[in-house]
Amino acid sequence: TPVAAGATGTCSTAVPEPVDTGREAVDVITQCIDLAAEVLLKAPLAVLADRRHPLFKRRKLSLADTMGETWTLSPPDSFLGRVVVDVFRQRNLPLPPAIVTTLSIHMRLSLLASGRFLTMLPARMVRQPANRAWLRALDIDLPESSGPIASITMKKRSIGGATKLFQQACRDADREI
């Protein structure tokens, strides 16, 4: 039985549903509301699993090869969920049924550690020091899976020092990777 966990907020200002999850979606949002957006980096996705997952015994996999596996995914109406839906749609595949649907990355990583689940998250997750020993990306090519990570601020307002430092740290980290 699928489980849904996590919380989502609502905005009091009506925002049209973005058509896609790329730069165009960021542009649509900032045109409708008095916001400014700066794309700081793009985060390509990967299919992640514990290093003991049986699929690691196979070399070259396709996304279709994972359809019968046990998945934990973001809700399909969340930002990351829409990117994941698009990845499967581009390959003419349905979204696999997720046993657990959650916005919580911590919960998804905990489920992956059991060795039974797959998920789709930014490929950068495997480089995090806490994940290096156990988390691996399956050898599945997902070149068009990047979603923009943007800093969204109010137009006509000065940006605070902490925000500027955060933005610069994101740019620097993106260049290093």
S.K.: What I'd like to find out is whether the side chain of Leu55 reaches to under 4.5 Å of the side chain of Val47, using heavy atoms alone.
M.R.: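 Side chain of Leu55 against side chain of Val47, heavy atoms only: no contact under 4.5 Å found.
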S.K.: Can you tell me which residue pairs pass the salt bridge (charged side-chain N to carboxylate O under 4.0 Å, His left out) test with a partner in residues 61-74, sequence neighbours excluded?
M.R.: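 Only Arg58-Asp65 qualify under salt bridge (charged side-chain N to carboxylate O under 4.0 Å, His left out).
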S.K.: Of all heavy-atom pairs between Pro122 and Leu48, which one has the smallest distance, and what is that distance?
M.R.: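 Closest approach of Pro122 to Leu48, heavy atoms only: O-CD1, 4.2 Å.
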S.K.: For Arg136 and Ala49, indicate whether the former's side chain and the latter's backbone hold a donor-acceptor pair under 3.5 Å.
M.R.: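 Not at all, since once roles are kept as given, no pair shorter than 3.5 Å links the two residues.
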S.K.: How about NZ on Lys156, more than 12 heavy atoms from neighbouring residues, nucleotides or ligands closer than 6.0 Å, or not?
M.R.: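 Counting other residues, nucleotides and ligands, NZ of Lys156 stays at 12 neighbours or fewer.
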S.K.: On a heavy-atom basis, which atom in Leu63 and which in Ile140 lie closest, and how many Å separate them?
M.R.: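 Nearest heavy atoms, Leu63 then Ile140: N-CG2, 3.9 Å.
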S.K.: For residues Gln90 and Asp86, is any side-chain donor paired with an opposing acceptor at under 3.5 Å?
M.R.: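 Checked: Gln90/Asp86 side chains show no N/O donor-acceptor pair below 3.5 Å.
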S.K.: Do you see a donor-acceptor pair shorter than 3.5 Å between the side chains of Gln167 and Ser151?
M.R.: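 Side-chain D/A pair, Gln167 to Ser151: present.
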S.K.: Can you tell me how far the CG atom of Leu80 sits from the CG atom of Leu73, to the nearest 0.5 Å?
M.R.: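 That separation rounds to 8.5 Å.
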S.K.: Less than 4.5 Å apart, side chain to side chain, heavy atoms only: is that true for Thr153 and Leu35?
M.R.: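 Thr153 does not reach Leu35 side chain to side chain.
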S.K.: So, does Arg82 use its side chain to make a donor-acceptor pair with the main chain of Pro76 at under 3.5 Å?
M.R.: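 No, because the side chain of Arg82 does not come within donor-acceptor range (under 3.5 Å) of the backbone of Pro76.
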S.K.: Under 6.0 Å between ring centres, would you say that holds for Phe56 and Trp134?
M.R.: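 Centroid separation for Phe56 and Trp134: 6.0 Å or greater.
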S.K.: Take Leu45 and Val83, measure what side-chain contact (heavy atoms from CB on, under 4.5 Å) needs, and give me the verdict at the end.
M.R.: CA-CA 9 Å; Leu45 299 180; Val83 175; 3.5 Å; yes
S.K.: Mind checking whether Val84 and Ser74 have side chains closer than 4.5 Å, heavy atoms only?
M.R.: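 Side chain of Val84 against side chain of Ser74, heavy atoms only: no contact under 4.5 Å found.
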S.K.: For the residue pair Gln128 and Leu135, establish whether any side-chain heavy-atom pair is separated by less than 4.5 Å.
M.R.: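 A side-chain contact under 4.5 Å is absent here.
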S.K.: Determine whether more than 12 heavy atoms belonging to other residues, nucleotides or ligands lie under 6.0 Å from atom CZ of Arg132.
M.R.: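 Atom CZ in Arg132 is packed in, count exceeds 12.
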S.K.: Return the minimal non-hydrogen interatomic distance between Thr102 and Ser104, and the atom names on each side.
M.R.: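 Looking at all heavy atoms of both residues, the shortest contact is OG1-N, 3.0 Å.
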S.K.: In residues 111-120, what donor-acceptor pairs under 3.5 Å come from side-chain atoms, sequence neighbours left out?
M.R.:
residue: Ser114; atom: OG; partner: Leu111; partner atom: O; Å: 2.6
residue: Ser114; atom: OG; partner: Arg116; partner atom: N; Å: 3.3
residue: Thr119; atom: OG1; partner: Thr72; partner atom: O; Å: 2.6
residue: Thr119; atom: OG1; partner: Arg108; partner atom: NE; Å: 3.0
residue: Thr119; atom: OG1; partner: Arg108; partner atom: NH2; Å: 2.7

S.K.: Under a 4.5 Å cut-off applied to non-hydrogen side-chain atoms, are Pro94 and Arg89 in contact?
M.R.: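 Of all side-chain heavy-atom pairs linking Arg89 with Pro94, none is under 4.5 Å.
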S.K.: Mind listing the closest non-hydrogen atom pair of Leu103 and Pro75 along with its distance?
M.R.: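 Between these two residues, the closest heavy atoms are CD2-CD, 3.5 Å.
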S.K.: If you round to the nearest 0.5 Å, how far is NZ of Lys155 from CG of Asp34?
M.R.: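 Nearest 0.5 Å value for the CG-NZ distance: 6.0 Å.
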S.K.: Can you find a pair of side-chain heavy atoms, one from Trp71 and one from Thr66, that are under 4.5 Å apart?
M.R.: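 They are in side-chain contact.
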S.K.: List the steps, then state whether side-chain contact (heavy atoms from CB on, under 4.5 Å) holds for Met67 with Phe88.
M.R.: CA-CA 10 Å; Met67 295 304 291; Phe88 281 92; 3.7 Å; yes
S.K.: Output the distance between atom CG (Leu93) and atom OG (Ser62), rounded to the nearest 0.5 Å.
M.R.: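 Answer for the CG-OG pair, Leu93 versus Ser62, is 7.5 Å.
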S.K.: Taking side chain as C-beta onward, heavy atoms only, is Val126 less than 4.5 Å from Asn131?
M.R.: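 No, every pair of side-chain atoms sits at 4.5 Å or beyond.
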S.K.: Any link between Leu41 and Ile159 through a network of hydrophobic side chains (Ile, Leu, Val, Met, Phe, Trp, Tyr) touching at under 4.5 Å?
M.R.: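 No, separate clusters.
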